[in-house]
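Just so it is clear: chains get the letters A, B, ... in the order the sequence lines come, proteins before strands, and each one is counted from 1.
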Protein chains: 2
Amino acid sequence: MARIDYKHHDKILLAVDCIIFGFDGSGLKALLVKRGLEPEMGKWSLMGGFANKEEGIDQAAARILVQLTGMDKIYMEQLHCFGDVDRDPGGRVVSIAYFALIKIEESNGETLDLHNAKWFDLKKLPTMIFDHKQMVRLAKERLQQKVANHPIGFELLPNKFTLQQLQGLYEAVYETSFDKRNFTRKILSLGILQRLDEKEKESSKKGAFYYVFDKKKYKQLESEGIKMI
Amino acid sequence: MARIDYKHHDKILLAVDCIIFGFDGSGLKALLVKRGLEPEMGKWSLMGGFANKEEGIDQAAARILVQLTGMDKIYMEQLHCFGDVDRDPGGRVVSIAYFALIKIEESNGETLDLHNAKWFDLKKLPTMIFDHKQMVRLAKERLQQKVANHPIGFELLPNKFTLQQLQGLYEAVYETSFDKRNFTRKILSLGILQRLDEKEKESSKKGAFYYVFDKKKYKQLESEGIKMI
DNA sequence: CCAAAAGTGTTATCGCTACACCCATGA
DNA sequence: TCATGGGTGTAGCGATAACACTTTTGG
């Protein structure tokens, strides 16, 4: 490599796109927005934006997420960087995709409306711009992998939840179904759930106990590489 | 989002850095180069370069890899995008890290020398520039995950190899040791190795059979999500 | 009393782990 | 013949998967 400095190299537009997952009890959802700029204005798109020179890319992603949801402290991680030359017909833009997990029932409907955002079932996604469909597919795969070994499923549920809700979430993520007895035994045996005295009485007469995720107990076990499912 | 176009946004330098792994029978190695430009000229660094406007980022990574090794058709995948504002004191550079697996004995020593490149045992890495140490650490973690479920370990071995070489590789990747009988049984039961009639006679009098990875058989099994180890 | 969801145990199978001896050969 | 690494089988254990009935209670 020659002794050149940085000045002679190309600078490129850097975007961030967020795959925002939610769970409403029935299926896994992704939050999409109607794109507000050309090209492809008016089509469905992931929430995104450009990264500024003065901020780190993780900060850029966090900024964009706050913009759309108004929510702070959202679980988020980088997914992949998409950099094909022609991925965006509007110019040479390299996009870094992040995926985020939010508690759908805590999201603010008005803020979402402001951005023309809408939840879509992952199995019924509309046509999306650019390579966004590929991003969602990859994000779903990553979520499946991650959820098997890390307690991030709870990010998609209310703070207190029933075992059936938790099972429903895992079933939605994996698009399969589990035996109730085996699931219950396994998840409780991890020792990271705390049962409350309170019951959820909406969906049954008997009522189902609420549980909360016990982050402290989890931290103690974390080092050993806990297996969730 | 307002109806703006792309022109008003920041453009940023985009770099690619490659974590190149090799295995020489004793330990897992990474290929590092002496940096040829300021800042930090002369220090150890991952092989890297800037992405051009006219090429995709995967192509940029492939180009840089060929530059250093002279080798084509190398296994490579994107690792992570590093974009902290201050990661490079020479300017605002976002770097996309790739990791690659090469057959160390097929590498061309002269080409490596041209670039001041040297293999380092992963346990004895020198001080490296910027966030390159973090990149290597992450790459190693990813390699461990990946190797458990995908047949990419073979990329680090000669085309024909003995079972002991293969076991040595897995032991190096996981920094542990396996029981020879259990390892042999498991790896052979996958049905993706083909035994040759030829024996390796260097390291023992009896001689050990050579095996080759049977890519066709693997492809047949791939859909079901084979578990390597 | 009945409908509807909650909660709970046992058994068979499979995969993993631990463990030790004989084989083939060149020197 | 002997030293060296190559090659092989078995038994115990723990995890997983399959499977159905009883409990609670509001209407």
Could you list the residues that satisfy ring-ring contact (aromatic ring centres under 6.0 Å, His included) with [X], not counting sequence neighbours?
{"X": "Phe21(B)", "value": "none"}
{"X": "Phe82(B)", "value": "His80(B)"}
{"X": "Phe23(B)", "value": "none"}

Report yes if some heavy atom in the side chain of Ser95(A) is under 4.5 Å from a heavy atom in the side chain of Phe130(A); otherwise report no.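 No. Closest side-chain heavy atoms not under 4.5 Å.
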Protein-nucleotides 25-27 of chain D N/O pairs closer than 3.5 Å?
unit_1  : atom_1 : unit_2    : atom_2 : d
dG26(D) : N2     : Lys205(A) : NZ     : 3.4

Show me the pairs that pass salt bridge (charged side-chain N to carboxylate O under 4.0 Å, His left out) and involve residues 153-180 of chain A, at least two apart or across chains.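 Sorted result for residues 153-180 of chain A: Lys140(A)-Glu175(A), Lys160(A)-Glu198(A), Asp179(A)-Arg181(A).
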Nucleotides bounding contact with chain A, strand DNA chain C, heavy-atom threshold 4.0 Å: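 Endpoints of the contacted stretch of DNA chain C: dA5(C) to dT10(C).
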Test side chain to side chain contact (heavy atoms under 4.5 Å, CB included) applied to Glu106(A) - qualifying residues, sequence neighbours left out: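 In terms of side chain to side chain contact (heavy atoms under 4.5 Å, CB included), with neighbours along the sequence ignored, Glu106(A) is linked to Met71(A), Lys103(A), Asn159(A).
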What is the nucleic acid contact for Ser203(B), judged by heavy atoms within less than 4.0 Å: base, sugar-phosphate only, or nothing?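 Answer is sugar-phosphate: Ser203(B) comes under 4.0 Å of backbone atoms only.
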Below 4.0 angstrom, which residues in residues 185-196 of chain B have at least one non-hydrogen atom near DNA chain C?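 Arg185(B), Lys186(B) - these, ordered by number, are the residues of the stretch whose heavy atoms sit under 4.0 Å from the strand.
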Short of 4.0 Å, heavy atom to strand atom, which residues of residues 171-181 of chain A count as contacting DNA chain C?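 Only Lys180(A), Arg181(A) qualify.
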For a quick test of your reading: what N or O donor-acceptor pairs under 3.5 Å do the side chains of residues 209-216 of chain A make, sequence neighbours left out?
unit_1    : atom_1 : unit_2    : atom_2 : d
Asp214(A) : OD1    : Lys216(A) : N      : 3.2
Asp214(A) : OD1    : Lys217(A) : N      : 3.2

For atom CD of Glu200(B) and atom C1' of dG6(D), their distance in whole Å: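 About 11 Å, once rounded to whole Å.
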ring-ring contact (aromatic ring centres under 6.0 Å, His included) pairs, two or more places apart, involving residues 171-199 of chain B: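 Applying ring-ring contact (aromatic ring centres under 6.0 Å, His included) to every pair that reaches into residues 171-199 of chain B, excluding sequence neighbours, yields Tyr170(B)-Phe183(B).
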Tabulate below the donor-acceptor pairs under 3.5 Å that side-chain atoms of residues 185-195 of chain B make, not counting sequence neighbours, or state none.
unit_1    : atom_1 : unit_2    : atom_2 : d
Arg185(B) : NH2    : Asn182(B) : OD1    : 3.2
Ser189(B) : OG     : Arg185(B) : O      : 3.4
Ser189(B) : OG     : Lys186(B) : O      : 2.7

Between Lys118(B) and Phe120(B), is NZ or CZ placed under 6.0 angstrom from the six-membered ring centre and within 45° of the ring axis?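 So Lys118(B) does make the cation-pi contact.
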